[in-house]
Amino acid sequence: MSEATNQQQPIEQLIANRLAKLDELRRLGVEPYPTRYRVAESVSDVRRRFAGASTEGLESDRPAVRLAGRLRSVRGHGKVSFADLSDGAEQLQLYLRKSDLDETSWKVFSLLDLGDFIGVEGTIFRTRTGELSVAVSRLEVLAKTVRPLPEKYHGLADREARARQRYLDLLSNPESRAIFETRSRIVSGIRRFLDGAGFVEVETPMMQPIPGGASARPFETHHNTLDLDLYLRIAPELYLKRLVVGGMERVYEINRNFRNEGISTRHNPEFTMLEFYWAYADYELLMDFTEEMITTVAEQATGGLVVPWGDRTIDFSRPWRRLTLRDAILEHSELTEEDLSSRERMEAAAERVGVLRISERSDGKLLEELYEMTAEPRMIDPTFIMDYPRDISPLTKSKPGNPEVVERFELFIGGLEVANAYTELNDPAEQRRRFEEQAAAGGGVVDEDFLLAIEHGMPPTGGEGVGIDRLVMLLTNQQSIRDVILFPQLRPRDSQG
RNA sequence: GGGCCGUUAGCUCAAUUGGCAGAGCAAGGGACUCUUAAUCCCUAGGUUGGAGGUUCGAUUCCUCCACGGCUCACCA
């Protein structure tokens with residue numbers, strides 16, 4: 001047996017060592033995976049409870065605690081040992097003295113490995129150096145860990161492993177855990193804000209017969225019983241508007257969208273979007289509302305309004321700049337009014353700034369491309385870019401007196417598109433013309449069911465989508481969307497290893 | 001999908017011009033009753049991502065493949 005063990009690969013040997021201890025525990029009559037171990041408080045709770053307790057106070061009180069957690073490190077000194085117990089968020093030092101423990105507990109301790117879950121009973125005290133610690137009197141195994149964890153000091157650095165085995169990343173990299181805790185605060189902060197403003201949270205179909213509300217390529221699936229092709233939604237927009245028709249004047253949904261496009265530092269095939277619709281609002285009101293919502297959430301999540309972003313900072317302080325798409329181009333590039341004055345001049349300008357496949361782009365798309373190639377990366381502090389071309393905004397109401405420009409804004413922060421909002425088109429005849437225009441240009445089908453809904457009357461409405469993943473990136477200073485999504489899409493690993 | 005870069009022990013990282021593949025942590029054995037990246041002594045651990053090629057000799061050079069990172073394209 002031991003000869004065979006020596007032939008094994010290193011990781012197999014490390015596992016064998018742990019399995020041997022597990023067997024030894026069982027021989028001693030100790031169950032390595034007991035059914036339950038109830039505790040009244042966590043390691044973090046105890047740290048908080050005794051944070052201000054003095055050495056002398058603890059010495060006289062000797063408060064008893066019962067705790068469970070994962071063993072993260074051990075510093076042995078012969079007949080005494082120090083160890084760190086973690087609840088995933090915080091650690092507490094354990095102090096184990098052979099003379100203070102029953103024989104089984106001391107023996108069990110010697111059979112532990114880093115990463116094992118244990119339960120301890122003991123009293124709280126401070127060591128000579130002032131470290132809050134538990135003088136352990138009783139110790140139990142709660143779950144044996146049979147594989148070694150990443151190294152304690154450097155944690156897990158390999159980016160692939162961090163994404164594939166997120167549990168190891170969370171365990172060994174506190175910064176990573178902090179990102180996802182902040183993400184949770186952002187999402188709950190948004191819910192609190194919208195609930196407080198009288199919005200109702202709803203859930204609309206993920207599987208749609210016609211993928212609408214955006215123009216990305218959808219993922220396709222099929223329902224067998226109905227023998228029906230379905231698409232994972234690329235946006236919830238057209239369903240949320242049906243709810244506005246139905247009298248839900250303030251609705252929102254925070255959920256996944258799916259787009260079958262490329263993967264990049266700012267795109268994941270499934271991503272989280274907030275969409276909200278507000279009857280009798282328009283895009284100007286939405287700008288005010290968005291400033292308030294995001295500054296509120298940013299402050300809750302980060303504690304301030306000026307946050308680091310790479311080697312720069314983002315200042316979320318209000319008011320945020322608002323400028324039209326045209327003005328943004330003129331202000332942030334060498335281009336002039338002249339360059340935007342005709343199709344020919346725009347094409348020449350597009351050529352100069354490096355836009356590709358110019359001839360395939362509509363006039364409106366060309367203008368947006370010019371913006372993206374010049375001004376967009378420079379929008380670091382929050383900026384509303386308003387008044388988009390009609391032909392790239394088929395669900396948006398035109399500006400009064402100017403049918404070629406629509407009441408639409410996008411919000412840019414840190415060079416990222418974070419939100420997209422419109423004064424919603426609610427004229428069913430005009431909506432039909434826009435759908436037909438899109439269809440003729442190869443951009444999807446006319447959604448008759450949606451038209452049927454708004455023919456029953458949709459009030460004037462403002463609607464907005466906010467990319468939650470990107471907002472989290474901005475508020476946690478992460479340059480890749482993969483680092484703010486727990487399980488980003490990756491290629492399956494070759495099973496051959 | 002294209003271009004560039006990367007992949008070395010369980011983890012974090014070294015390795016000169018193509019010349020015996022190393023360290024720290026973790027692991028195993030030993031010492032140690034206030035340490036905290038504990039310390040000290042000893043031991044073991046490698047198909048250098050995979051498959052080919054060049055060479056007396058390949059972690060190193062070449063080709064292909066896998067996965068990842070960055071970037072470009074796609075994403076009204």
Side-chain angles (χ1 to χ4, degrees), chain A residues 2 5-18 20-21 72-84 91-100 113-115 125-133 135 147-165 168 171-172 213-218 234-235 257 259-269 271 354 356-357 361-362 364-365 367-369 372 388-396 406 408 410 417 420 434 437-438 441-444 479-480 482 488 490-497:
Chain A
S2 62
T5 317
N6 289 336
Q7 306 290 330
Q8 287 171 330
Q9 294 302 301
I11 181 62
E12 302 304 333
Q13 226 160 61
L14 296 175
I15 291 170
N17 288 343
R18 287 168 177 248
K21 293 182 188 173
R72 293 311 306 270
S73 62
V74 174
R75 297 173 291 282
H77 292 256
K79 296 184 183 64
V80 71
S81 274
F82 295 89
D84 294 317
Q91 299 193 355
L92 184 60
Q93 180 167 266
L94 305 181
Y95 177 64
L96 301 102
R97 209 154 55 153
K98 190 179 182 187
S99 54
D100 289 348
D113 287 295
L114 299 186
F125 75 109
R126 284 191 191 277
T127 61
R128 274 174 210 161
T129 56
E131 177 87 17
L132 195 70
S133 306
R147 280 182 188 271
L149 300 181
E151 190 226 5
K152 60 186 171 188
Y153 185 57
H154 298 92
L156 187 66
D158 181 74
R159 292 178 64 85
E160 182 177 356
R162 287 180 53 202
R164 282 190 201 281
Q165 294 180 280
L168 296 180
L171 271 177
S172 53
S215 78
R217 286 160 60 195
I234 56 176
N257 289 348
R259 296 186 183 177
N260 203 342
E261 306 286 353
I263 296 175
S264 77
T265 49
R266 38 186 80 176
H267 299 87
N268 195 61
F271 62 100
L356 300 174
R357 289 194 306 287
R361 318 272 187 182
S362 69
K365 187 65 190 159
L367 190 69
E368 191 185 36
E369 286 290 333
E372 288 180 9
Y388 278 68
R390 191 203 54 164
D391 67 289
I392 55 170
S393 314
L395 303 167
T396 313
V406 297
R408 169 183 175 184
E410 292 192 356
E417 179 195 334
N420 183 17
R434 300 279 194 92
E437 216 171 78
Q438 292 288 305
Q479 307 295 316
S480 173
R482 269 170 237 123
L490 298 173
R491 276 199 167 81
R493 249 183 75 193
D494 188 355
S495 55
Q496 311 296 344

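Throughout, protein chains are lettered first and strands after them, A, B, ... in sequence-line order, and every chain is numbered starting at 1. Hydrogens, waters and symmetry mates play no part in the numbers below; they use all other heavy atoms, side chains included.
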Describe the nucleic acid contact of [X] in one word from base, sugar-phosphate, nothing, applying a heavy-atom distance below 4.0 Å.
X         : answer
Pro389(A) : nothing
Tyr388(A) : nothing
Arg162(A) : nothing
Arg18(A)  : nothing
Arg361(A) : sugar-phosphate
Ser73(A)  : nothing

Checking only heavy atoms, does the side chain of His154(A) share a donor-acceptor pair with the base of C11(B) at less than 3.5 Å? no

Does a distance-only test, which skips hydrogens and angles, find a donor-acceptor pair under 3.5 Å between the side chain of Glu131(A) and the base of U35(B)? no

So which nucleotide from C74(B), A26(B), C70(B) ends up closest to the side chain of Leu14(A)? A26(B)

When you measure from the side chain of Ala214(A), which nucleotide among A76(B), U71(B), G28(B) comes out closest? A76(B)

Please give, in whole Å, the distance from G68(B) C1' to Ile263(A) CD1? 12 Å

Atom NZ of Lys152(A) and atom P of U12(B): how far apart are they, to the nearest Å? 16 Å

Heavy-atom nearest nucleotide on RNA chain B for Asp391(A) versus Asp113(A): which residue maps closer to 5'? Asp113(A)

By nearest heavy atom, map Arg491(A) and Tyr153(A) onto RNA chain B; which one lands nearer the 5' end? Tyr153(A)

How long is the span from the OG1 atom in Thr265(A) to the CZ atom in Arg482(A), to the nearest 0.5 Å? 7.0 Å

Roughly how far, to the nearest 0.5 Å, is the CG atom of Asp158(A) from the CZ atom of Arg164(A)? 9.5 Å

Tyr95(A) and Phe82(A) aromatic ring geometry - parallel, tilted or perpendicular at 30°/60° bounds: tilted

Just do the side-chain hydrogen bond (donor to acceptor under 3.5 Å, both in side chains) check on Thr396(A) and Arg408(A) with the steps written out, would you? CA-CA 7 Å; Thr396(A) 313; Arg408(A) 169 183 175 184; 5.5 Å; no

